Amino acid sequence: MAKASTTIEIGGRQLSLSNLEKVLYPAAGFTKAQLIDYYARIAPVLLPHLHDRPLTMKRYPEGVGEFFFYEKNCPKHRPDWVQTAKVWSHGNNRWMYYCMVQDVQTLVWAANLADIELHTSLSLGKKIEQPTMIVFDLDPGPPANIVQCCEVGIWVREIFGKLGLEAFAKTSGSKGLQVYVPLNTPTSYDETKPFAHELARLLESASPDRIVSDMKKSLRAGKIFVDWSQNDQHKTTVCVYSLRAKERPTASTPVSWEEVERCRKKGDPNLLVFEAPQVLERASKLGDLFEPVLTLKQKLPAISKLQAIFHAQDEAGAETAGKRGSETTKKRRGKSSGSSPSARREPARRRASG
């Protein structure tokens, strides 16, 4: 059967859109036309986060719940105005040509390919070895959920605060929370990845009952996996404002720390679930809460400074525990000495009566 198509013009460019009535999210009745409409309308806040970054497309031609595939190399049938980033792949031992979404026309073109999810590099294409941020993906192992992710996320933010750095939060659009620390200063993955791994390890060591840093899925039940491994030149991470291929059209949404704290206090995971219409409304009202991630310049400190924070926490904890132990001992001694006269007299009375 021939595909039903419609030709539209955006910014002087002609785009042919096909199968607009196809339902991509059956549970929500969300169509391909709505997918394209969402990306076109969210473009003003989304495009800066896509600009100049290699994109891995995650395409669902038959909709969520059906066959999907990742597409790293930009399709050969792309329009000639779609820009690409040339990146060497050590795994494939060849050059890869990633799409780069530089404008709304390219964004609509990608959406027409049923590219529901947008996964971007943490680097710009021209400096692929230099990440502009460090990222922590907090993934809950059931029965844990995003509420517990909020607890860990707030802790991560406090740690970076002690290091003099700001951190920003967004939902994954799935079940977790992600914490981004903008750098935008010269660094490398050889610095950011070990730093992220060490922080995850230290968090697990400090709270092994609720945090895990090991990649094994069998260890995650009821805990929050602090995924540090995304800080890698060869990986991509779901972009802010990207829709996710879940039952409903939820999106990876930037949130304020006040919202994170509210979710933690109320214990309601639904407080941090946002579908396409809500995300558009939030962007219209709040602007781009994630804009500082693109512009804020911060220097990643040495790992030794990170370790010093946890060492100080351990010492403070030991000192507190020592004080509590001393107070408990004094109380016990007080109770013991208070009862000793009668205890000492008791044998004497027994001897007298005998």
Side-chain angles (χ1 to χ4, degrees), residues 8 10-11 17 20-51 58 60 63-64 101 103-112 114-120 138 145-147 149-150 153-154 167-180 182 237-295:
I8 63 171
I10 304 178
L17 308 179
L20 295 178
E21 299 305 313
K22 177 175 283 187
V23 176
L24 298 181
Y25 291 82
F30 195 83
T31 65
K32 187 177 177 183
Q34 290 173 292
L35 175 81
I36 293 172
D37 178 70
Y38 167 78
Y39 277 126
R41 293 171 61 192
I42 202 67
V45 293
L46 169 59
L47 285 174
H49 298 279
L50 293 171
H51 198 265
K58 192 174 182 183
Y60 291 77
V64 301
V101 179
D103 47 46
V104 66
Q105 296 96 324
T106 305
L107 185 58
V108 169
W109 168 77
N112 185 58
D115 178 22
I116 290 179
E117 296 190 3
L118 307 168
H119 293 252
T120 50
L138 309 180
N145 56 39
I146 199 170
V147 173
C149 290
C150 289
I154 291 168
F168 299 83
K170 71 181 180 75
T171 69
S172 68
S174 178
K175 56 184 178 178
L177 186 76
Q178 297 172 337
V179 178
Y180 279 54
T237 305
V238 68
C239 188
V240 65
Y241 301 110
S242 171
L243 291 176
R244 303 305 304 270
K246 300 302 175 183
E247 185 177 15
R248 302 190 65 83
T250 54
S252 181
T253 310
V255 291
S256 69
W257 285 109
E258 290 76 16
E259 289 178 298
V260 174
E261 182 64 36
R262 189 180 308 122
C263 178
R264 184 194 69 82
K265 284 184 177 179
K266 291 188 176 294
D268 183 0
N270 293 318
L271 290 175
L272 294 184
V273 177
F274 305 99
E275 295 187 19
Q278 295 169 288
V279 178
L280 290 168
E281 183 179 349
R282 285 172 61 87
S284 176
K285 180 181 178 181
L286 304 174
D288 181 15
L289 293 179
F290 233 51
E291 189 275 337
V293 174
L294 298 175
T295 58

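Computed from a predicted structure; not experimentally measured.
Separation of atoms NE2 (H119) and SG (C239) is listed at 10.0 Å; rounding is to 0.5 Å. If you take CG on L286 and OG1 on T253, they are separated by 11.0 Å, rounding to the nearest 0.5 Å. Rounded to the nearest 0.5 Å, atoms CG (L243) and OG1 (T250) are 7.5 Å apart. Expressed to the nearest 0.5 Å, how far CD1 of I42 lies from OG of S242 amounts to 11.0 Å. Atom SG of residue C263 and atom CG of residue N270 lie 9.0 Å apart, to the nearest 0.5 angstrom. Here CD1 of I146 is found 5.0 Å from CG of L177. Values are rounded to the nearest 0.5 Å.
With a 4.5 Å cut-off on side-chain heavy atoms, T31 and L20 do not count as touching. Counting heavy atoms from C-beta outward, P48 and D288 have side chains that stay 4.5 Å or more apart. A heavy-atom distance below 4.5 Å is found between the side chains of I154 and R264. A 4.5 Å side-chain heavy-atom check between Y241 and V45 finds at least one atom pair inside the cut-off. Side-chain contact between V255 and L289: absent, with no pair of heavy atoms (C-beta onward) separated by less than 4.5 Å. Considering only heavy atoms from C-beta on, L271 comes within 4.5 Å of K266 through its side chain. Residues Y60 and L24 fail the side-chain proximity criterion, which asks for heavy atoms closer than 4.5 Å. Between R244 and V238, some side-chain heavy-atom pair lies under the 4.5 Å cut-off.
Environment of NZ in K246: sparse, with no more than 12 heavy atoms of neighbouring residues, nucleotides or ligands closer than 6.0 Å. In this structure, E247 places its CD atom where only 12 or fewer heavy-atom neighbours from other residues, nucleotides or ligands lie under 6.0 Å away. Enclosure of atom CD in Q278 by more than 12 non-hydrogen atoms of other residues, nucleotides or ligands within 6.0 angstrom is indicated.
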Item to complete: Please report the C-alpha distance between I10 and D103 in whole Å, then the side-chain angles of each, then the deciding distance to 0.1 Å, and finally whether the side-chain contact (heavy atoms from CB on, under 4.5 Å) criterion is met.
Response: CA-CA 10 Å; I10 304 178; D103 47 46; over 6 Å; no
Item to complete: Evaluate side-chain contact (heavy atoms from CB on, under 4.5 Å) for L46 paired with Y39, printing each intermediate quantity in order.
Response: CA-CA 8 Å; L46 169 59; Y39 277 126; 3.7 Å; yes
Item to complete: Kindly indicate, with the supporting measurements, whether the criterion side-chain contact (heavy atoms from CB on, under 4.5 Å) is fulfilled by T237 and T120.
Response: CA-CA 5 Å; T237 305; T120 50; 5.7 Å; no
Practice prompt. Could you go through the side-chain contact (heavy atoms from CB on, under 4.5 Å) check for C150 and L272 one step at a time?
Written response: CA-CA 10 Å; C150 289; L272 294 184; 3.6 Å; yes
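Scanning all heavy atoms of the two residues, the minimum distance from V260 to A169 falls at CG2-CB, 4.1 Å. When every heavy atom of P254 is checked against every heavy atom of V240, the shortest pair comes out as CD-CG2, 3.5 Å. Of all the heavy atoms in A43 and V104, the pair that sits closest is CB-CG2, 3.9 Å. Between C149 and G176, the shortest heavy-atom contact is SG-CA, 4.2 Å. Looking at every heavy atom in both residues, S252 comes nearest to K170 through OG-NZ, 2.7 Å. Closest of all the heavy-atom pairs between V279 and A251 is CG2-CB, 3.8 Å.
A salt bridge between K32 and E21 is absent, with no side-chain N of the basic residue lying under 4.0 Å from a carboxylate O of the acidic one.
When atom types are taken as modelled, the side chain of E275 and the backbone of R248 share no donor-acceptor pair closer than 3.5 angstrom. Of the possible donor and acceptor atoms, one in the side chain of W257 sits under 3.5 Å from a partner among the backbone N and O of A167. The backbone N or O of P269 sits nowhere less than 3.5 Å from a side-chain atom of N145 that would complete a donor-acceptor pair.
Cation-pi geometry between R282 and F274 is met: under 6.0 angstrom from the ring centre, within 45 degrees of the axis.
Ring orientation note: the planes of Y25 and F30 are nearly perpendicular, at an angle over 60° on the 30°/60° scale. Taking the six-membered ring where tryptophan is involved, the planes of F168 and F290 are perpendicular, since the angle between them exceeds 60° and thus also 30°.
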